[in-house]
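Everything on this sheet refers to the single structure shown next.
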There are 2 protein chains.
Amino acid sequence: MINVKGKEHSCPIEVSMNLIAGKWKLLIMWHLLKKTRRFGELQKKITNVTQKMLTQQLRELEADGLVHREVYPIVPPKVEYSLTPFGRSFEPVLNMMIVWGYEYAKRFGEVSYDLSADIEPEYREVVAEKLKDNAQKTSPNETEQEKVTTSI
Amino acid sequence: MINVKGKEHSCPIEVSMNLIAGKWKLLIMWHLLKKTRRFGELQKKITNVTQKMLTQQLRELEADGLVHREVYPIVPPKVEYSLTPFGRSFEPVLNMMIVWGYEYAKRFGEVSYDLSADIEPEYREVVAEKLKDNAQKTSPNETEQEKVTTSI
DNA sequence: CGGTATCCTGTGAGATACTG
DNA sequence: CAGTATCTCACAGGATACCG
């Protein structure tokens, strides 16, 4: 059993899910992983996000200890967002998700985009190997099973 | 640009997010990763999920090509769910999320639970190393910056 | 520039009851 | 056993306007 901020979880997966649930959070963290950015910068990078949503999701990430918000008391205002040390530890997860999403899109969608520049090879290899393994494990076992019984 | 089933994505992260968004999907995949399971089995494993939600999320996973649904035409009905080859390629992502969620819970919550049994050491090491790295990178740089200007 | 403050809407998700 | 079929509602998320 896991308790995080008054919420019960039966598995660490739920913890992760709760932290990254939110339409823009992963995108935000992805952009902050590269460098510290100002609010307006993020808004330009993440097309389609409204000011309200960007603010809201950034505040949630901050409250969860993943993002640091630095306010410079100047005028006009300047606010910089960066990942906390723990936020940066999310990088492997994020990289895996990117690689996996990319592989999914190659298989089930159309991609006009090359991943190689963004992601270190080691992450691609992990997923690639899993896909190879599974191809082997999917042995010739399409023998149908069409029995009909009346009990268990 | 990425197009998956009529939906535009600017980044593979969004693809992954769309696939795993859903309160129970990760938990379902986690249980199916170990073995093929019947509907009722899943319902017992995943406490608190309603029949309706379990059915719904399983159908979405099936439509997305991640889960295979095998119906045995017997009475009483028997339906088995398993991961497709591609669904199984999600394992590295899932493991990373579990490790990361666990580390988060250790830091920001209370855990009465040991991970070691479930997850291969390699995954734990990746996150552990990231956390070490970040500890080093967080150098003594808490010098405040309290200037006030009237222009940029 | 980087926000609040409102108002509004779609839909994810729960509860409950019924069925092949 | 493994589902549908309704009904309901909270809340994530969007549009728009104003502010220090």
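Both backbone and side-chain heavy atoms feed into the values below; hydrogens, waters and symmetry mates do not. We name chains A, B, ... by the order of the sequence lines, and we start the count at 1 in each one.
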>> For A:Asp133, is there an ion pair with B:Arg88 - N to carboxylate O distance below 4.0 angstrom?
In response: no
>> For B:Phe39, is there any backbone N or O sitting under 3.5 Å from a side-chain donor or acceptor partner on B:Gln43?
In response: no
>> Can a donor-acceptor pair be found, under 3.5 Å and without considering hydrogens, that links the side chain of B:Ser16 to the backbone of A:Gly101?
In response: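 Yes.
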Measure from [atom1] on [X] to [atom2] on [N] and round the result to the nearest Å.
X       : N      : atom1 : atom2 : answer
A:Ile46 : C:dG2  : CD1   : P     : 14 Å
A:Glu14 : C:dA13 : CD    : C1'   : 15 Å
A:Lys45 : C:dG2  : NZ    : P     : 15 Å
B:Lys78 : D:dG3  : NZ    : P     : 13 Å
B:Leu42 : D:dG3  : CG    : P     : 10 Å
B:Leu54 : D:dA2  : CG    : P     : 10 Å

>> Within the 4.0 Å limit for protein heavy atoms, which parts of nucleotides 14-20 of chain C are touched? Write it as a string from 5' to 3', B for base, S for sugar-phosphate only, - for none.
In response: BB----B
Give a yes/no on whether any side-chain N or O of [X] is located under 4.0 angstrom from OP1 or OP2 of [N].
X       : N     : answer
A:Tyr81 : C:dG3 : yes
B:Arg37 : D:dC1 : no
A:Arg38 : C:dC1 : no

> Any side-chain donor paired with an acceptor under 3.5 Å for B:Asp118 and B:Tyr113?
Replying inline: yes
> Between B:Lys130 and B:Glu103, does a salt bridge (charged side-chain N to carboxylate O under 4.0 Å, His left out) hold up when you go through it step by step?
Replying inline: CA-CA 11 Å; B:Lys130 273 294 166 197; B:Glu103 290 300 321; over 6 Å; no
> In this structure, are over 12 heavy atoms from other groups packed under 6.0 Å from A:Lys78 atom NZ?
Replying inline: yes
> Between A:Trp100 and B:Ser89, what is the shortest heavy-atom contact and its length?
Replying inline: NE1-OG, 2.9 Å
> Mind checking what makes salt bridge (Lys or Arg N to Asp or Glu O under 4.0 Å) contact with B:Lys23, not counting sequence neighbours?
Replying inline: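 Result, salt bridge (Lys or Arg N to Asp or Glu O under 4.0 Å) vs B:Lys23: none returned.
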> Do any of residues 55-66 of chain A sit with a heavy atom less than 4.0 Å from DNA chain C, and if so which?
Replying inline: A:Thr55, A:Arg59
> When the ring planes of B:Phe86 and A:Tyr104 are compared, do they come out parallel, tilted or perpendicular, using 30° and 60° as the limits?
Replying inline: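 Rings of B:Phe86 and A:Tyr104: perpendicular, over 60°.
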> Pick the nucleotide of DNA chain D nearest each of B:Phe39 and A:Gly22; which residue has the one closer to the 5' end?
Replying inline: B:Phe39
